[in-house]
Asker: 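The structure under discussion is supplied below as structure tokens; questions concerning it will follow.
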Amino acid sequence: MQIQKFDLIVLGVGMAAVNAANKCASAGWKVAVIDELPYGGTCALRGCDPKKMLRRGAEIIDAATLMKGKGIEAGNLAINWSGLLAFKRTFTEKMPPKIESGLDKKGVTTLHGNAKFVAENVIEIDGETRLEGKNILIATGAKPREMSMPGAEYLTESTEFLELEILPKKIIFVGGGFISFEFAHIAARAGSDVYIIDRGERPLKGFEVAHVNKLLKRSAEARINFTPLANLVSITPQGDGYSVVLDTDGKQRSHTADLIVHGAGRTPAIDNLDLDKAGIEFGTHGVAVNDYLQSKSNPAVYAAGDAADTKGLPLTPVAVFEGKVAASNMMRGNHIKPDYNGVPTVVFTIPELARVGMTEEEAKAAGYKLRIATNDTSNWYSNLRIGETCAATKVIIDDETDKILGAHLLGPEYAEIINFFSLAIRLQLTASDLKKMVSAYPSVGSDLGSML
């Protein structure tokens with residue numbers, strides 16, 4: 001079998017892969033990108049972007065509900081699911097050809113198929129084509145965590161949920177993380193009866209407890225039912241739906257549902273790459289890499305994004321800058337490390353829950369003398385104007401230096417405000433620096449100074 005040779009072979013189609021491929025191709029490298037899926041990756045096709053397109057419909061329904069009795073009569077306002085799905089596809093259907101065309105213009109060879117390692121720097125595609133790379137980047141992303149209970153094959157994954165032609169009446173979301181809560185907030189506003197079950201005591205771990213509790217109350221008002229300490233025991237087909245057995249407090253009970261959605265976590269999508277044949281060390285958190293994103297056991301290989309075992313959160317912006325860092329290190333030798341300082345994360349519920357930097361507990365453990373700015377912002381003008389009563393902020397400040405250590409926000413449009421705190425942390429700005437900003441008024445951004 002003839003072997004094609006490249007300066008760089010990229011495994012994956014997401015933003016880490018595309019950014020690295022374009023960067024190296026722009027430097028004159030001969031680059032190939034391989035994946036079995038359409039170009040665009042999880043975020044653009046099966047994750048954050050299409051999810052937020054669907055969320056727009058939920059935002060409108062919720063906004064009208066909040067303004068009921070305040071001069072707005074919604075009447076028969078409702079989500080037409082098939083129409084909303086068609087709206088989402090106006091974005092997603094354009095992405096694969098757009099991204100592949102961009103790679104083509106850079107001179108990148110794009111290939112589809114199942115790729116596996118057959119040697120330290122040799123990749124085989126579908127047993128038919130072999131490529132040899134001086135450098136190889138693994139950026140294959142993540143996949144839903146495998147679940148082993150009886151009937152696990154009846155779980156609907158997030159990708160499938162985003163393509164449902166008809167939204168079922170009763171939906172159970174398994175897991176108390178981002179996917180379950182974000183999809184549940186969309187489905188509930190679209191008219192479904194929604195239930196979230198979580199085997200843990202509280203959901204959305206890592207976010208401010210008080211804010212999560214406020215969000216749970218707001219979710220319940222939107223007819224989203226949450227059950228903690230509930231283990232999924234089995235799923236059995238029953239008529240057009242399913243019978244679900246849950247274990248709560250040691251007692252098993254049966255429930256029915258039209259759809260059960262897997263939202264119980266994701267794992268690196270590296271199982272089918274035959275990494276052992278390339279001598280690549282890996283674990284449950286991905287490819288083992290050093291501080292420069294280079295494989296600890298195969299120097300020709302780098303990894304970025306969800307496929308790499310790094311300190312970075314499994315977020316698209318992290319994958320983007322890891323891809324760029326990996327590309328730079330491959331081209332110029334290991335000289336730059338990814339900077340994970342001040343990376344924000346948001347749960348796009350309604351309203352959204354956002355965080356950046358340290359929690360109060362983490363800051364105390366690190367020995368800082370703290371000043372905590374806590375606010376219930378539900379009665380502030382920006383929220384009163386839209387009828388929102390679920391909003392709060394907590395900012396952690398180093399009392400000795402006045403620098404921002406962390407920010408935790410719950411409220412409408414606070415996903416935008418968290419970016420200011422992210423910038424402050426990355427540039428080591430102080431609370432006084434942020435207060436100097438002159439904002440357009442009245443805007444949500446003008447609340448920033450008061451949050452401090």
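All values derive from a computational prediction rather than experimental measurement.
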Asker: Starting at NZ of Lys106, measure out to CG of Asn22 and round the result to the nearest 0.5 Å.
Answerer: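 If we round to the nearest 0.5 Å, Lys106:NZ and Asn22:CG are 5.5 Å apart.
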Asker: Check the surroundings of atom CD in Glu221: do more than 12 heavy atoms from other residues, nucleotides or ligands lie under 6.0 Å from it?
Answerer: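 It does: Glu221 CD has more than 12 such atoms within range.
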Asker: Counting only heavy atoms from other residues, nucleotides and ligands, does the tally under 6.0 Å from CD of Glu146 exceed 12?
Answerer: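 Count not over threshold, so no.
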Asker: With rounding to the nearest 0.5 angstrom, report the CG to CE distance, Leu434 to Met451.
Answerer: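 The distance works out to 11.5 Å.
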Asker: Measuring from Thr310:OG1 to Tyr340:OH, what's the distance to the nearest 0.5 Å?
Answerer: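 Reported value, rounded in 0.5 Å steps: 3.5 Å.
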Asker: Do the side chains of Ile186 and Arg55 get nearer than 4.5 Å, heavy atoms only?
Answerer: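 In contact.
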Asker: Of all heavy-atom pairs between Ala21 and Val108, which one has the smallest distance, and what is that distance?
Answerer: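 Heavy-atom minimum between the residues: O-CG2, 4.2 Å.
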Asker: Any salt bridge linking Asp402 with Arg371? Criterion: basic side-chain nitrogen under 4.0 Å from a carboxylate oxygen.
Answerer: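 Judged by the 4.0 Å cut-off on N to carboxylate O distance, Asp402 and Arg371 do form a salt bridge.
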Asker: Shortest non-hydrogen contact from Cys390 to Pro412?
Answerer: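 Shortest heavy-atom separation between Cys390 and Pro412 comes out as O-CD, 4.4 Å.
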Asker: Would you say that Leu353 contacts Leu204 through its side chain, given a criterion of any heavy-atom pair below 4.5 Å between the two side chains?
Answerer: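 Yes, side chains in contact.
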Asker: Taking only Lys NZ, Arg NE, NH1 and NH2, and the carboxylate oxygens of Asp or Glu, determine whether Lys403 and Asp433 approach each other closer than 4.0 Å.
Answerer: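 Looking at Asp433 together with Lys403, the answer is no, because their closest N to O distance does not fall below 4.0 Å.
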Asker: Quick test of your reading of the model: are Lys214 and Glu388 salt-bridged, counting only N-O distances below 4.0 Å?
Answerer: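 Result for this pair is no, no salt bridge flagged.
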Asker: Checking Val301 against Gln294 for the side chain to side chain contact (heavy atoms under 4.5 Å, CB included) test, could you report, in this order, the C-alpha distance in whole Å, the side-chain angles of both residues, the deciding distance, and whether it holds?
Answerer: CA-CA 6 Å; Val301 173; Gln294 183 182 37; over 6 Å; no
Asker: Keeping the roles fixed (side chain from His262, backbone from Ala264), state whether a donor-acceptor pair exists under 3.5 Å.
Answerer: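 Confirmed, His262 side chain pairs with Ala264 backbone.
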Asker: Hey, are Asp62 and Thr65 close enough side-chain-wise for a donor-acceptor pair under 3.5 Å?
Answerer: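 Result is no, nothing qualifies.
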Asker: If you apply the rule side chain to side chain contact (heavy atoms under 4.5 Å, CB included), what do you find for Phe226 with Phe181, and how did you get there?
Answerer: CA-CA 10 Å; Phe226 174 71; Phe181 271 84; 4.1 Å; yes
Asker: Is it the case that the ring center of Phe183 lies less than 6.0 angstrom away from the ring center of Phe178?
Answerer: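 No: the rings miss the under 6.0 Å criterion.
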Asker: Mark yes when over 12 heavy atoms from residues, nucleotides or ligands other than Glu361 sit less than 6.0 Å from its CD; otherwise mark no.
Answerer: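 More than 12 within 6.0 Å, yes.
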Asker: Side chain of His185, backbone of Ile350: donor and acceptor closer than 3.5 Å?
Answerer: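 Yes, because the side chain of His185 sits within donor-acceptor range (under 3.5 Å) of the backbone of Ile350.
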Asker: As a quick check of understanding, evaluate side chain to side chain contact (heavy atoms under 4.5 Å, CB included) for Trp380 and Asp447, giving each step before the final call.
Answerer: CA-CA 9 Å; Trp380 288 15; Asp447 288 341; 3.8 Å; yes
Asker: If you compare all heavy atoms of Tyr414 against all heavy atoms of Ala392, which two are closest, and at what distance to 0.1 Å?
Answerer: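 In terms of heavy atoms, the two residues are closest at CE2-O, 4.1 Å.
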Asker: Okay, side chain of Asp49, backbone of Thr92: is any donor-acceptor separation there less than 3.5 Å?
Answerer: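 No, because the side chain of Asp49 does not come within donor-acceptor range (under 3.5 Å) of the backbone of Thr92.
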Asker: I need the Leu405 CG to Tyr368 OH distance, nearest 0.5 Å.
Answerer: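 Leu405 atom CG to Tyr368 atom OH measures 5.5 Å (nearest 0.5 Å).
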Asker: Could you tell me whether the side chain of Pro442 reaches within less than 4.5 Å of the side chain of Tyr381, counting heavy atoms only?
Answerer: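 Counting from C-beta outward, Tyr381 and Pro442 do come under 4.5 Å.
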Asker: Taking His408 for the side chain and Met358 for the main chain, is one N or O donor matched with an acceptor at less than 3.5 Å?
Answerer: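 Yes, the answer is positive, given that a donor and an acceptor are paired below the 3.5 Å cut-off.
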Asker: Suppose we screen for salt bridge (charged side-chain N to carboxylate O under 4.0 Å, His left out). Which residues come up paired with Glu165, at least two apart in sequence or across chains?
Answerer: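 Scan of Glu165 (salt bridge (charged side-chain N to carboxylate O under 4.0 Å, His left out), adjacent residues dropped) gives Arg89.
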Asker: Can you find a heavy atom in the side chain of Ile336 that is under 4.5 Å from one in the side chain of Tyr292?
Answerer: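 They are not in contact (no side-chain heavy atoms under 4.5 Å apart), so the answer is no.
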Asker: Indicate yes or no for a side-chain donor-acceptor contact from Lys23 to the backbone of Ser328 under 3.5 Å, with no hydrogens or angles considered.
Answerer: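 A pair under 3.5 Å: no.
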Asker: Find out whether Leu448 and Ile417 are in side-chain contact, i.e. whether some heavy atom of one side chain is under 4.5 Å from a heavy atom of the other.
Answerer: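 The answer is yes, as the side chains (C-beta and beyond) meet within the 4.5 Å cut-off.
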Asker: Taking atom CZ of Arg145 and atom OG1 of Thr284, what is their separation to the nearest 0.5 Å?
Answerer: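 Spacing of CZ (Arg145) from OG1 (Thr284) equals 11.5 Å.
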Asker: Under 4.5 Å between any side-chain heavy atoms of Phe117 and Ile123, yes or no?
Answerer: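 A side-chain contact exists here, since the closest heavy-atom pair is under 4.5 Å.
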Asker: Closest heavy-atom contact between Val233 and Met149?
Answerer: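 Nearest heavy atoms, Val233 then Met149: O-CB, 3.3 Å.
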Asker: When you measure from the side chain of Asn19 to the backbone of Lys324, do you find a donor-acceptor pair of N or O atoms at a distance under 3.5 Å?
Answerer: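 No, because the side chain of Asn19 does not come within donor-acceptor range (under 3.5 Å) of the backbone of Lys324.
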Asker: Do Asn272 and Asn114 come within less than 4.5 Å of each other through their side chains, counting heavy atoms only?
Answerer: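 No; the side chains remain at least 4.5 Å from each other.
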Asker: Restricting to salt bridge (charged side-chain N to carboxylate O under 4.0 Å, His left out), what partner residues turn up for Arg266, sequence neighbours left out?
Answerer: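 By the salt bridge (charged side-chain N to carboxylate O under 4.0 Å, His left out) rule, Arg266 matches no residue at all.
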Asker: Decide, yes or no, whether a salt bridge links Lys88 with Glu163 under the criterion of side-chain N to carboxylate O below 4.0 Å.
Answerer: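 Salt bridge flag = yes for Glu163 with Lys88.
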Asker: Side chains of Leu11 and Leu137: closer than 4.5 Å at any heavy-atom pair?
Answerer: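 Of all side-chain heavy-atom pairs linking Leu137 with Leu11, none is under 4.5 Å.
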Asker: Distance to the ring centre below 6.0 angstrom and angle to the axis at most 45 degrees; does that hold for Lys51 and Phe348?
Answerer: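 Not flagged: Lys51 not positioned over aromatic ring of Phe348.
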Asker: Any ion pair linking Lys170 and Asp193 (charged N to carboxylate O, less than 4.0 Å)?
Answerer: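 Here Asp193 does not pair with Lys170 in a salt bridge, since their nearest N and O are not under 4.0 Å apart.
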Asker: Checking Gln252 against Leu246 for the side chain to side chain contact (heavy atoms under 4.5 Å, CB included) test, could you report, in this order, the C-alpha distance in whole Å, the side-chain angles of both residues, the deciding distance, and whether it holds?
Answerer: CA-CA 5 Å; Gln252 292 192 359; Leu246 300 180; over 6 Å; no
Asker: For the NZ atom on Lys205, are there more than 12 heavy atoms of other groups (residues, nucleotides or ligands in this structure) within a distance under 6.0 Å?
Answerer: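 Buried by this count: over 12 neighbours within 6.0 Å.
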Asker: Given 3.5 Å as the limit, does a donor-acceptor pair link the side chain of Ser192 with the main chain of Pro168, or not?
Answerer: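 Checking the backbone N and O of Pro168 against the side chain of Ser192, a donor-acceptor pair under 3.5 Å is found.
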Asker: Donor-acceptor check, side chain of Arg426 to backbone of Val343, threshold 3.5 angstrom: yes or no?
Answerer: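 Judged by distance alone, no pair lies under 3.5 Å.
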Asker: Do you see a donor-acceptor pair shorter than 3.5 Å between the side chains of Ser378 and Asn383?
Answerer: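 No, Asn383 and Ser378 have no side-chain donor paired with an acceptor closer than 3.5 Å.
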Asker: Are there over 12 heavy-atom neighbours, none belonging to Asn379, within less than 6.0 Å of that residue's CG?
Answerer: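 Counting neighbours around CG of Asn379, more than 12 heavy atoms of other residues, nucleotides or ligands fall under 6.0 Å, so yes.
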Asker: Do you see a donor-acceptor pair shorter than 3.5 Å between the side chains of Thr227 and Asn225?
Answerer: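 No.
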Asker: Of the non-hydrogen atoms in Glu160 and Leu155, which two are nearest, and what is the gap between them?
Answerer: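 Heavy atoms of Glu160 and Leu155 come nearest at OE1-O, 4.0 Å.
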Asker: Kindly compute the distance separating CG (Asp306) from CD1 (Ile270), expressed to the nearest 0.5 Å.
Answerer: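 Answer for the CG-CD1 pair, Asp306 versus Ile270, is 11.0 Å.
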Asker: Can Glu360 and Lys394 be counted as an ion pair, charged N to O under 4.0 angstrom?
Answerer: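 A salt bridge is present here (some side-chain N lies under 4.0 Å from a carboxylate O).
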Asker: Might you work through the side chain to side chain donor-acceptor pair (under 3.5 Å) test for Thr401 and Asp398, ending with a clear yes or no?
Answerer: CA-CA 6 Å; Thr401 65; Asp398 182 350; 3.0 Å; yes
Asker: Keeping the roles fixed (side chain from Glu281, backbone from Val287), state whether a donor-acceptor pair exists under 3.5 Å.
Answerer: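 Answer holds: no.
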Asker: Are any side-chain N or O atoms of Thr359 and backbone N or O atoms of Glu362, one a donor and one an acceptor, separated by less than 3.5 Å?
Answerer: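 The answer is yes, because a donor-acceptor pair under 3.5 Å joins these two groups.
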Asker: Ignoring hydrogens, what is the shortest heavy-atom contact between Asn419 and Pro344? Give both atom names and the distance.
Answerer: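 Where Asn419 meets Pro344 most closely, the heavy atoms are OD1-CG, 4.1 Å.
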Asker: Flag yes if more than 12 heavy atoms outside Lys70 fall under 6.0 Å of its NZ atom; otherwise flag no.
Answerer: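 Atom NZ in Lys70 is packed in, count exceeds 12.
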